Protein chains: 2
Amino acid sequence: MNEGKPSKVQRGRLRKPATIDIVSRLERVDASLSPAERRVADIVTADYEMATRMTIAELAARAEVSQPTVTRFCRTLGCTSFSEFKISLATTLTVAAVYLRSERIFDDDAGQLAHTVMMRAAGAVRECLDQLDTAALGKAIDALAASHRIDIYGQGGGSAALVEDAKLRLFRLGLPVSAYQDGHQQRMSAATLRPCDGVLAISNSGRSKTVVEAVEIARSFGAKTVAITRPGTPLALSADIAILVTIAEGTDVKIPTPSRYAHMAVIDTLAAGIAKKMGDRSRDALRRVRYTLARIGVAIPTPSTDPTPLMPKHDTEE
Amino acid sequence: MNEGKPSKVQRGRLRKPATIDIVSRLERVDASLSPAERRVADIVTADYEMATRMTIAELAARAEVSQPTVTRFCRTLGCTSFSEFKISLATTLTVAAVYLRSERIFDDDAGQLAHTVMMRAAGAVRECLDQLDTAALGKAIDALAASHRIDIYGQGGGSAALVEDAKLRLFRLGLPVSAYQDGHQQRMSAATLRPCDGVLAISNSGRSKTVVEAVEIARSFGAKTVAITRPGTPLALSADIAILVTIAEGTDVKIPTPSRYAHMAVIDTLAAGIAKKMGDRSRDALRRVRYTLARIGVAIPTPSTDPTPLMPKHDTEE
DNA sequence: GCCGCAGATGAAACAAAATTACACGTATTG
DNA sequence: CAATACGTGTAATTTTGTTTCATCTGCGGC
């Protein structure tokens, strides 16, 4: 339509706001808030999620203040407008708020439940990424990629699946890898390791006696030991390279712990890093694995229910 | 003015929106978009961040469509208003924005790699949540919670770990559960099932011949069968209750597939739902499991490196 | 004690933004 | 070749947010 005015307005609003985390800023300026603004802050902090869905009129009504006061409140927080405040809040919120409040949401239907569980899962992965020590990760990738042989240790229910998964991830790359969940086997295998070998130990609690012992045995024989565990635990202290992950456990025993997702993510990252490091060698192995699986699909034709029996389109290996 | 209307409007907006992940929804409905809506989608996907800061007029101008078209676009995406769309987008953003660009980021250091892998993982879970059929989920929870005995079937590398994990989740609740990855065992076990029993089959590809057969056998004996798989696959068609999950596979073979995270999330949700359904019965089982594990911790004192050997503070079961 | 000032707050006018209603054009089908 | 359905834009309307200005309150100086 015209040219001068809109562009100026645009430039102002479309610029990325300096504010990163409204929630923490809110806490920071809390002291300098006027009484009326404080009331607004109270309403907002009471339910961030809802605050993002309210209009300025609703928020004002709830806080029992006038609408201009709400606008002023937003300005105090460093936003230029109420809408910017809402967007910033929503952006800040993402996983964190839902994740934190999740204990409460628990009682409802399957949808609510799924929301809780899955947001926690996604949150755990994110949390893990936030706190990840990339230097340690890099060293772990180097160490494992250079290993002639890799042992994976884990103990306890949750770790069983993880260890199994880790084995597959590395195995697919053509690495000679073994996984042990039994304490005796762990120690026995550890005793046969050599300096050119590697160990990957997985334990959320970091207190599994057999795993820690096996790691120490492996170290005494010169093998490089990598641990995925919680900081400050025996396992973290005894491994050469510790990849530390702290995930807040929910208090509700009925929801499975989300830390598994974080561990799995670390394992995947290790696997991807090793694959990259190994370059063509691993790619070749991966190709051969896929090819063979596809061939098996051909050799054993699936029953009539299968629409495309000859060549599975999707990830044959699952 | 009047009294009935405003409250109704309020109620509508403050209700939590069904939409969880706008970005993945946007991709999913892409085909059913009209030309003008497509143009809006293009502008939005070009820069999500900026989209959250734009007014409807700006967005319309950029997409070269009228403002009502933008509103219609939002409705198509399941939002009731443009503002809701913006908020949903902003909420989605932090996780999803990077997730989408992830293929490109791949070549760098360990940090970059971790970012890619983990964002994909978190994205997979979110994507899963967004497309989840909660009705099917609810039915699955009911069916499994009512089962006297539960068999879990899966085949192939990736599923092995998942099946193991699923077994543990249900086992912890005090349910009599068995997991089989071997085809023969699956069929044999399926043949011993009765109408009061349940089956949980897990397969991303949905084409595992043995799993499909085992499910069909189980059904023929009257057991309730639940499948977690991809839509339109043989497994999805043969199970009583199909929980369908479509996760885009990455093109880079070196990065492990993120669909496992989604499956795990579904399993966790099932477990949480069953736990809730069973109420005190499962809580008791969980408590006993934890207690016993703690006792074992006492009976086998950990070495001196362990700061708190008597009573592990964190999740002893991992 | 009272005047005047500074800051906080709300009412109301105003401006911006979003939605609705409606009309027009195009494609599709009987 | 209607008739209908669909997609789209224009314009009116409603909703939402911001600015302006008046009022109130508390506080210090005269």
Side-chain angles (χ1 to χ4, degrees), chain A residues 1-2 4-14 29 31-44 50-90, chain B residues 1-14 17 29-44 51-90:
Chain A
M1 282 171 193
N2 48 28
K5 197 190 62 179
S7 75
K8 208 173 70 183
V9 172
Q10 258 184 19
R11 220 174 279 136
R13 182 151 24 69
L14 296 182
V29 301
S32 61
L33 253 42
S34 75
E37 286 177 331
R38 171 75 38 82
R39 285 218 295 286
V40 177
D42 286 346
I43 299 296
V44 172
M50 177 155 287
T52 63
R53 313 261 164 212
M54 287 196 276
T55 66
I56 199 169
E58 283 158 3
L59 183 51
R62 276 174 198 249
E64 297 180 311
V65 300
S66 67
Q67 288 171 231
T69 301
V70 176
T71 298
R72 289 176 198 124
F73 166 80
C74 298
R75 301 265 158 84
T76 309
L77 255 56
C79 302
T80 59
S81 69
F82 178 66
S83 350
E84 189 182 304
F85 165 74
K86 283 211 300 190
I87 294 293
S88 295
L89 187 59
Chain B
M1 283 171 196
N2 47 27
E3 48 292 306
K5 201 186 58 179
S7 73
K8 208 173 70 182
V9 172
Q10 248 185 27
R11 222 175 279 135
R13 181 150 25 67
L14 295 183
V29 301
D30 196 55
S32 61
L33 253 42
S34 75
E37 286 177 331
R38 171 76 37 82
R39 284 217 294 287
V40 178
D42 286 345
I43 300 296
V44 172
T52 62
R53 312 261 165 210
M54 286 195 274
T55 66
I56 199 169
E58 283 159 2
L59 183 52
R62 276 172 197 249
E64 297 179 310
V65 300
S66 67
Q67 289 170 234
T69 300
V70 176
T71 298
R72 289 176 198 123
F73 165 80
C74 299
R75 301 265 158 82
T76 308
L77 255 56
C79 302
T80 60
S81 69
F82 179 66
S83 356
E84 188 182 304
F85 165 75
K86 283 212 298 189
I87 295 294
S88 295
L89 187 58

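In what follows, chains are A, B, ... by sequence order, proteins preceding strands, each numbered from 1. Everything quoted here is computed from the prediction, not taken from an experiment.
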Output the single nucleotide from [options] whose closest atom is nearest the side chain of [X].
X: B:Pro68; options: D:dG17, C:dT9, C:dA21; value: C:dA21
X: A:Thr55; options: C:dA12, C:dT19, D:dG17; value: D:dG17
X: B:Arg72; options: D:dT18, C:dA18, C:dC22; value: C:dC22
X: A:Gln67; options: C:dT19, C:dA8, D:dG17; value: D:dG17
X: A:Phe82; options: C:dT9, C:dA18, D:dT18; value: D:dT18

query: About how many Å separate CZ of B:Arg53 and OG of A:Ser81, when rounded to the nearest 0.5 Å?
result: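 Spacing of OG (A:Ser81) from CZ (B:Arg53) equals 9.0 Å.
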message: Working to the nearest 0.5 angstrom, can you tell me the gap between A:Glu84 CD and B:Thr52 OG1?
response: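 Atom-to-atom, A:Glu84:CD and B:Thr52:OG1 are 9.5 Å apart.
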query: Are any of A:Ser34's side-chain N or O atoms less than 4.0 Å away from OP1 or OP2 of C:dT9?
result: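 It does, given that an N or O in the side chain of A:Ser34 lies less than 4.0 Å from OP1 or OP2 of C:dT9.
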message: It should be established whether B:Thr69 places a side-chain nitrogen or oxygen under 4.0 Å from OP1 or OP2 of nucleotide D:dT8.
response: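 For D:dT8, neither OP1 nor OP2 has a side-chain N or O of B:Thr69 closer than 4.0 Å.
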Nearest-Å distance, [atom1] ([X]) to [atom2] ([N])?
X: A:Phe73; N: C:dT9; atom1: CZ; atom2: P; result: 13 Å
X: B:Arg75; N: C:dA18; atom1: CZ; atom2: P; result: 13 Å
X: A:Glu84; N: C:dA17; atom1: CD; atom2: C1'; result: 16 Å
X: A:Glu58; N: D:dG17; atom1: CD; atom2: C1'; result: 13 Å
X: A:Ile56; N: D:dT19; atom1: CD1; atom2: P; result: 10 Å
X: B:Lys86; N: C:dA17; atom1: NZ; atom2: C1'; result: 9 Å

Counterpart residues, side-chain contact (heavy atoms from CB on, under 4.5 Å), relative to A:Arg75 (two or more places apart):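 side-chain contact (heavy atoms from CB on, under 4.5 Å) list for A:Arg75, sorted by chain: A:Thr71.
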Shortest non-hydrogen separation from A:Phe85 to A:Cys79 and the atoms involved: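 In this case the closest contact between A:Phe85 and A:Cys79 is CA-SG, 3.6 Å.
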message: Please give me the minimum heavy-atom distance between B:Phe73 and B:Val44, naming the atom from each residue.
response: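 Nearest pair, atom of B:Phe73 first, then B:Val44: CE2-CG2, 4.3 Å.
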message: Under 4.0 Å, counting only non-hydrogen atoms across every strand here, what does A:Val65 touch: a base, just sugar-phosphate, or nothing?
response: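 Sugar-phosphate, no base atom in range.
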message: Looking only at side-chain N and O atoms, does B:Glu37 offer a donor or acceptor that is under 3.5 Å from a partner on B:Thr76?
response: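 On atom types as modelled, these side chains qualify, holding a pair under 3.5 Å.
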query: Any sub-3.5 Å donor-acceptor pair from B:Arg39's side-chain atoms to B:Glu64's backbone N or O?
result: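 The answer is yes, because a donor-acceptor pair under 3.5 Å joins these two groups.
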query: Taking DNA chain C as the partner, which of residues 35-44 of chain A come within under 4.0 angstrom of it by heavy atom?
result: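 Contacting residues: A:Pro35, A:Ala36.
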